[in-house]
Amino acid sequence: MSVSRIAKRYAKPILELAEESKQLDQVRDDMQQFAELCEANKDLVNLLKSPIIAHLKKAEILRAIFKDKMNDLTLSAFDIITRKNRESVLPEIATEFLVMYNEKRGFQNVSVSTTFPLDANLRKTFTDVVKDVTGKTPVLEETVDSSLIGGYTLKLGDRQIDESVSGKLKELRLKFEKEK
């Protein structure tokens with residue numbers, strides 16, 4: 001079974017249980033913290049994926065690290081996932097939980113790349129465009145990419161709008177190659 005399917009199978013009941021117990025925002029904060037930690041600390045990810053370290057030892061390590069920093073529901077979910085020998089998928093489960101949370105709350109993750117930092121007016125313009133296209137409230141992730149030369153790229157889930165100069169140049173190059 002693929003990692004993404006496993007992650008969805010575990011993230012969904014955690015989301016439902018958190019919502020049922022009225023701890024959804026706290027569990028989301030925990031999952032956000034865990035996902036960011038996994039992104040920044042590859043040693044933790046390697047520990048979770050290691051076949052040498054016993055599953056129960058990994059559960060003890062997770063408990064020791066997050067005991068006073070996370071909600072009991074999150075810690076229980078981590079414990080269950082570890083007992084089911086799925087701790088190697090914990091980073092993906094956290095990421096999938098955040099995706100499901102955003103869907104439930106009506107948020108859309110959006111990545112905007114420009115050649116310069118966005119000001120308030122441009123940020124509002126991008127926000128309005130995303131609201132019109134998706135009907136959801138965008139959560140903008142802004143990046144500055146000088147390789148675009150000018151313009152922008154906007155990523156909405158699996159869709160991408162490329163209005164950059166470098167993107168237009170690539171399109172022209174492909175067009176000229178086809179005509180040869």
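For reference, positions follow the sequence shown, starting with 1.
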Do [X] and [Y] come close enough that some side-chain heavy atom pair is under 4.5 Å?
| X | Y | result |
| --- | --- | --- |
| Leu62 | Asp79 | no |
| Phe116 | Leu122 | yes |
| Arg9 | Ile6 | no |
| Leu75 | Phe66 | yes |
| Leu118 | Thr114 | yes |
| Phe78 | Ile14 | no |
| Leu174 | Glu171 | no |
| Val27 | Phe97 | yes |

* Linking I/L/V/M/F/W/Y whenever any side-chain heavy atoms sit under 4.5 Å apart, do Leu37 and Val99 land together? -> no

Please name the pair of heavy atoms, one in [X] and one in [Y], separated by the smallest distance, quoted to 0.1 Å.
| X | Y | answer |
| --- | --- | --- |
| Asp30 | Asn71 | OD2-N, 2.8 Å |
| Gln108 | Val130 | CG-CG1, 4.3 Å |
| Gln26 | Lys22 | OE1-O, 3.9 Å |
| Leu98 | Ala35 | CD1-CB, 4.1 Å |
| Thr82 | His55 | CG2-O, 3.0 Å |
| Ile93 | Ala7 | CG1-CA, 3.7 Å |

Between the side chain of [X] and the main-chain N/O of [Y], is any donor-acceptor distance below 3.5 Å?
| X | Y | value |
| --- | --- | --- |
| Lys155 | Gln160 | no |
| Thr127 | Arg123 | yes |
| Arg86 | Ile81 | no |

* Do you know which of Asp162, Asp145, Thr143 makes side-chain hydrogen bond (donor to acceptor under 3.5 Å, both in side chains) with Ser113? -> Thr143

* **Worked check of side chain to side chain contact (heavy atoms under 4.5 Å, CB included) between Tyr10 and Lys84** => CA-CA 11 Å; Tyr10 281 94; Lys84 297 282 186 183; 3.6 Å; yes

Is [X] salt-bridged to [Y], going by a charged N under 4.0 Å from an acidic O?
| X | Y | value |
| --- | --- | --- |
| Lys136 | Glu103 | no |
| Glu92 | Lys49 | yes |
| Lys12 | Glu96 | no |

* Would Val139 and Val110 satisfy side chain to side chain contact (heavy atoms under 4.5 Å, CB included), going step by step from the backbone distance to the final call? -> CA-CA 6 Å; Val139 177; Val110 178; over 6 Å; no

* Partners passing side-chain contact (heavy atoms from CB on, under 4.5 Å) against Asp128 (at least two apart in sequence or in another chain) -> Lys124

